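Below you'll find the structure, written out as structure tokens, and then a few comments.
Since the model is a prediction, treat every value here as computed from it, not as a measurement. Below, each value reflects all heavy atoms present in this structure, side chains not excepted, and no hydrogens, waters or symmetry copies. So that the names make sense, note that chain A is the first sequence line, chain B the second, and so on, each numbered from 1.
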2 protein chains.
Amino acid sequence: MNDKATGLELNHESRLQIEDHQSIRLWLRLLTCTNMIEQRLRARLREEFATTLPRFDFMAQLDRAPDGLTMGELSQRMMVSGGNVSGIANQLSGEGLIDRSPVPDNRRTLCVTLTDKGRSRFADMAAAHERWVVEMLGDLSQAEHQQIMMHLTKLKRGVAALES
Amino acid sequence: MNDKATGLELNHESRLQIEDHQSIRLWLRLLTCTNMIEQRLRARLREEFATTLPRFDFMAQLDRAPDGLTMGELSQRMMVSGGNVSGIANQLSGEGLIDRSPVPDNRRTLCVTLTDKGRSRFADMAAAHERWVVEMLGDLSQAEHQQIMMHLTKLKRGVAALES
DNA sequence: CTTAAATACTTTAAATCTAAAATGTTGGAC
DNA sequence: GTCCAACATTTTAGATTTAAAGTATTTAAG
């Protein structure tokens, strides 16, 4: 049976291999695009605001959550380790850009918020950041934006749904 | 004139803002997808092969270039600093997975190649790596693959074409 | 109430990564 | 030939990151 089906099996297999390689190529392309954009943003944040991408991300998460976030929520949303978040929080707190206030009914958690200084500092950076991103993604039409978003949404769901 | 056109200007401006936010959202989605995939790959490489993503990437670049690559080429292709490449090369060389041989007509450059041991070690990892990636991107049809690739190619060109 | 597991966070140790300086090499300009 | 800028790489110092261990708190089971 295996021998008889060899022709078809090969076709099938070679098709699969092509699809596999396409997956790898797609992943590498995704990685390249992200790296390119990330490196540009990183360089510009350093040059123009003397800050880093993780610090910017930290503040962006807080800016989007006016009621504040716990350290754990920040860790999840930034997709970095908890220890990392602690370190960045120490810096930003030292510079007076964020507040860490205890939560009444749970002494383990801290609620992190932007200070007024932090909020206004972030506003400047966010405006520039948005300009840079638009500049980089500007070649794509709105229709293309929507298509990629749709596909990446599907991709994201697929990855998130995997076990472990 | 400015006052007269206010209505239209506002429309125009708000449309622009929407597009701007879409660019940001697209960038964040791109980043999230890449991070999710990257973290899974990183964890699996560690669990199953006791190695890291940069080391895997280093070997993958060499596997794709049978004639070998210089340190500078590796740095470019991996999109990391030269110093970083030196460090990883030291590790892999110490484990007998790569060779660094001088180039006859230019004593500044080193030609890096996989050893037989490195090539066979990489083959195992690459097979698993490909399974993992296919597993994660498998929800997308071939047509979708091609569409995203097309869009990311355009995106990549746009970013690469920017000054500086 | 006591204990044990789970949770939220921080600390630690080691690896990674970067920018910048240092080293050695090459290729003209003169 | 001599110098000087450009190049390829390594080294260095410092920042970032992670996984894992540690601390403190909460929850819930017995």
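Atom pair B/F56:CZ and C/dA15:P shows a separation of 21 Å (rounding to whole Å applied). Nucleotide C/dT7 holds its P atom 19 Å from the CE atom of A/M71, rounded to whole Å. C/dC9 atom C1' lies 14 Å from atom CD of A/Q76, rounded to whole Å. The distance from atom CD of A/E47 to atom C1' of C/dA20 is 15 Å, rounded to the nearest whole Å. Taking atom CG on B/L110 and atom P on C/dG24, their separation rounds to 14 Å, with Å as the unit. Note: CG (A/L41) to P (C/dT18) measures 15 Å, nearest angstrom.
At C/dT16, none of the side-chain N or O atoms of B/N84 fall inside 4.0 Å of OP1 or OP2 (strictly under the cut-off). Distances shown here put a side-chain N or O of B/R107 below 4.0 Å from the OP1 or OP2 atom of C/dT26.
With sequence neighbours excluded, the residues satisfying ring-ring contact (aromatic ring centres under 6.0 Å, His included) with A/F56 are A/F122, A/H129.
Contact footprint of chain A on DNA chain D: nucleotides with an atom under 4.0 Å from a non-hydrogen protein atom, first to last in 5' to 3' order, D/dT16 to D/dT26.
Neither side chain, A/T52 nor A/R42, offers a donor N or O lying under 3.5 Å from an acceptor on the other. In summary, the side chains of B/N35 and B/R40 do not present any donor paired with an acceptor at a separation below 3.5 Å, with no hydrogens or angles considered.
Counting heavy atoms of neighbouring residues, nucleotides and ligands inside a 6.0 Å radius, atom CZ of A/R157 does not exceed 12 of them.
No side-chain donor-acceptor contact under 3.5 Å links B/T70 to the backbone of B/L110. At least one donor-acceptor pair closer than 3.5 Å links the side chain of B/K117 to the backbone N or O of B/E95. Without hydrogens or angle criteria, A/T115 side chain to A/G96 main chain gives a donor-acceptor distance under 3.5 Å. Side-chain N or O atoms of A/S23 include none that pairs as donor or acceptor with a backbone N or O of B/L137 at under 3.5 Å.
A salt bridge links A/R119 to A/D63: one of the charged nitrogens lies within less than 4.0 Å of a carboxylate oxygen.
None of B/E135, B/E130, B/E38 except one satisfies the salt bridge (charged side-chain N to carboxylate O under 4.0 Å, His left out) rule with B/R44; the exception is B/E135.
Counting distance only, with no hydrogens placed and no angle test, the side-chain atoms of A/R108 and the base atoms of C/dT7 include a donor-acceptor pair under 3.5 Å.
Residue order along DNA chain D, read from the 5' end via each residue's closest nucleotide, puts A/R55 first among A/R55 and B/R46. Place A/R42 and A/T70 on DNA chain C by their nearest nucleotides, and A/T70 ends up nearer the 5' end. A residue-by-residue look at A/A43 and A/C111 shows that A/C111 has its nearest nucleotide of DNA chain C further toward the 5' end.
Considering only the side chain of A/T109, C/dA8 comes nearest among C/dA8, C/dT10, C/dT16.
Contacts between residues 85-106 of chain B and DNA chain C, counted as heavy-atom distances below 4.0 Å, involve B/I88, B/Q91, B/N106.
Residue contacts for A/G82: at a heavy-atom cut-off of 4.0 Å it reaches a base atom on one of the strands shown. Using a 4.0 Å heavy-atom cutoff across all strands shown, A/T52 reaches sugar-phosphate atoms only and no base atom. The residue A/G72 sits close only to the backbone: its heavy atoms come under 4.0 Å of sugar-phosphate atoms, none of a base.
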